[in-house]
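Below is one structure, written out as structure tokens; the observations come after it.
In this chain, residues are counted from 1 in sequence order.
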Amino acid sequence: MRQKYGNILLYFAAAVLMGVGIHLTQEYRFYNIAVNDLFIYDWADIWAKLCRTGGFATLTASFLTQFFHIPFAGTAIVTALYLLVARIFAGIGEKLSGNEGIACGSGFIPVIFLFLCLDNDYYRFQGHTGYIIVLAAVYAYISLPSDRPKLRYAAGILSIPLLYHLSGSVTAVYAICIFICEVIRNGLKGLLALIYPAVLALTAFINVEYSMVDSWEHALTPFMYYSWPSTYNFPFTAWVLAPVVMLLVWKTSGFKMSERVNVWIASAGFVAAFAISGYLYSQVHSRSYYRLIQEQHWASEGDWDRIIETADRRQPNYLISYLNLALAQKGQLVEKLGYYNPQPVSKVMFPTQNLKTGLTLQSTVYLAWGYVSAARQAAFDADMVTPGMHNPQQLKVLVLTNLALDAPEVAEKYLGILDKTLFHRAWSGNMRRLMADPAAAEKDETLARLRRSLPQTGGYVRYEGLKGDMRDIAAADPSNTILAQFYTAYQMLETLEER
């Protein structure tokens, strides 16, 4: 009974501490994930994902991340998943040695490296869901009767290709763990379980050979869970630690520990993991990039005051873009042009080498200018490079710009996608009402402003350069104060450069 209450207290304390730490370090990354992984409630789309290798993990991740735009939802979901990882390890330890506390405490160590994965913008969340799926499968395998080897081997051989299809390359963790389990339980006879890695290799070969997976690197490493060539040391470490924890727990099977000692060991493991994760996070965290996605979120919410209030006079050039837009929204861009680190307006469109965030910036700024054709192109490109197929913010820009350019049939295509979402269908319904009522559309502030901004010579890019297009938009809509400030700032900076 004491151990039960001790475990409850441990998991409660772990949930609170992890929740606070995760929220403070990842709050805006969750918002960023939410707009880059759109879950579509469409059976054809769902079935198509399930038919792909790793599709179930992808679908599960996408379903969860759609809630990340709700404050604290991402923190709560990720914290629950990390506690689940530790709990599964505790269950595995109980099966192998009876020392649940060591397994639980050790199980928090892989969580460190799952947490660090989140700091990489190219990492896809299905790496998390896939990891949990295979851990649960390891626990299920260990729970099979130890006196029925034929049943275990049949289950192991059949489950590897099934898990590979459901979760992807992280199935390598499962194959290695259940092989180790057989060796632990049966000694040399357990070497027969080498068939498991062999089945894994055969499954990977078939997937690569028939182009279901891009390459061997994707097929057997965490590279499958990245949308761009990038480091995958952290998920790889989490993979390696799973069998290491199993071996560590098995080695302690000769030590009989009291319930209280088990709880204290589990608590010590959590505290160590919490401290290590804090230190490693401080070493790898990119403050400038995190600041960029903060400003990206504030701009999408129209929180211009916050962007200005938190700005630094030594603001780096690649972070000046949203600040310029915020100042223009407040009518202060020309007045404060030299107050912050100045940069020619023609160059503020490309804040980082990250293509996705650069295009998102372009579509946001161009839409504010009323530069309809350029905003549409940037939004289309940003949506195309979105890891989760579609970005709802960019779909909305595409709807607005196509309606402004009198292309309702194109806007309808994007509205059809938003209709199948949980949190954006209301916006889509409102746009449809505007399309059905031209008088109401003329009164809509955003649409009316975009239509007024179209130059007399046409609404499309005319390859006259940014300055020429800005001049024509300003002439078409003298009331467009945002564009007017940028145009004036551009001229002022151009004059300074000439001097």
Side-chain angles (χ1 to χ4, degrees), residues 46-62 110 113-114 117 122-142 144 149-183 186 188-244 246-247 387 389:
I46 291 172
W47 179 250
K49 288 180 178 176
L50 288 174
C51 290
R52 300 173 193 155
T53 300
F56 182 73
T58 300
L59 198 65
T60 305
S62 182
F113 298 95
L114 292 178
C117 291
Y122 298 118
Y123 176 75
R124 299 201 299 266
F125 198 68
Q126 55 261 44
H128 272 49
T129 53
Y131 190 81
I132 292 172
I133 290 168
V134 300
L135 281 186
V138 171
Y139 177 79
Y141 181 89
I142 291 176
L144 293 173
K150 291 182 180 179
L151 172 64
R152 293 199 314 277
Y153 280 107
I157 291 170
L158 293 175
S159 61
I160 288 173
L162 175 62
L163 273 176
Y164 194 91
H165 183 75
L166 294 175
S167 301
S169 61
V170 72
T171 306
V173 174
Y174 174 75
I176 293 171
C177 284
I178 62 176
F179 163 70
I180 290 174
C181 175
E182 289 297 328
V183 173
N186 302 303
L188 292 177
K189 290 183 180 179
L191 291 177
L192 180 62
L194 282 170
I195 193 172
Y196 295 152
V199 171
L200 173 70
L202 178 62
T203 304
F205 172 78
I206 292 171
N207 276 266
V208 174
E209 187 69 16
Y210 287 92
S211 300
M212 292 181 283
V213 175
D214 291 341
S215 66
W216 277 98
E217 189 176 25
H218 284 80
L220 291 174
T221 74
F223 194 68
M224 178 179 282
Y225 307 108
Y226 283 81
S227 58
W228 195 262
S230 186
T231 177
Y232 43 75
N233 295 334
F234 294 137
F236 186 76
T237 304
W239 288 20
V240 170
L241 283 172
V244 168
M246 282 185 58
L247 287 170
M389 301 300 292

Using every non-hydrogen atom in the two residues, find where [X] and [Y] come nearest and quote the distance to one decimal.
{"X": "L247", "Y": "I180", "answer": "CD2-CG2, 3.6 Å"}
{"X": "T53", "Y": "G168", "answer": "CG2-CA, 4.3 Å"}
{"X": "M212", "Y": "I206", "answer": "CE-O, 3.8 Å"}
{"X": "A57", "Y": "T129", "answer": "O-OG1, 2.9 Å"}
{"X": "P161", "Y": "V199", "answer": "CD-CG1, 4.0 Å"}
{"X": "V138", "Y": "C177", "answer": "CG2-CB, 3.8 Å"}

Which distance, rounded to the nearest 0.5 Å, do you find between the [atom1] of [X] and the [atom2] of [Y]?
{"X": "L59", "Y": "L166", "atom1": "CG", "atom2": "CG", "result": "11.0 Å"}
{"X": "H218", "Y": "F223", "atom1": "NE2", "atom2": "CZ", "result": "4.0 Å"}
{"X": "E209", "Y": "L202", "atom1": "CD", "atom2": "CG", "result": "11.0 Å"}
{"X": "I178", "Y": "Y153", "atom1": "CD1", "atom2": "OH", "result": "9.5 Å"}
{"X": "T171", "Y": "Y131", "atom1": "OG1", "atom2": "OH", "result": "13.0 Å"}
{"X": "M246", "Y": "I176", "atom1": "CE", "atom2": "CD1", "result": "11.0 Å"}

Side chains of [X] and [Y], heavy atoms from C-beta outward: is any pair under 4.5 Å?
{"X": "L135", "Y": "Y139", "result": "no"}
{"X": "L192", "Y": "E182", "result": "no"}
{"X": "Y164", "Y": "V213", "result": "yes"}
{"X": "S62", "Y": "K49", "result": "yes"}
{"X": "T203", "Y": "H165", "result": "no"}
{"X": "W239", "Y": "F113", "result": "no"}

Task: I195 atom CD1, over 12 foreign heavy atoms within 6.0 Å - done: no

Open item on the list: For the residue pair Y141 / Y196, report whether a side-chain donor-acceptor contact shorter than 3.5 Å exists.
Closed with: yes

Open item on the list: Can you see whether S167 engages Y174 through a side-chain donor-acceptor pair at a distance of less than 3.5 angstrom?
Closed with: no

TODO: Determine the interplanar angle of the H128 and F125 rings, folded into 0 to 90°, and report it as parallel if under 30°, tilted if 30 to 60°, perpendicular if over 60°.
DONE: parallel

- [ ] Please work out whether the ring planes of Y226 and Y123 are parallel, tilted or perpendicular, with thresholds of 30° and 60°.
- [x] perpendicular

Task: N/O donor-acceptor pair under 3.5 Å between S169 side chain and T221 backbone - done: yes

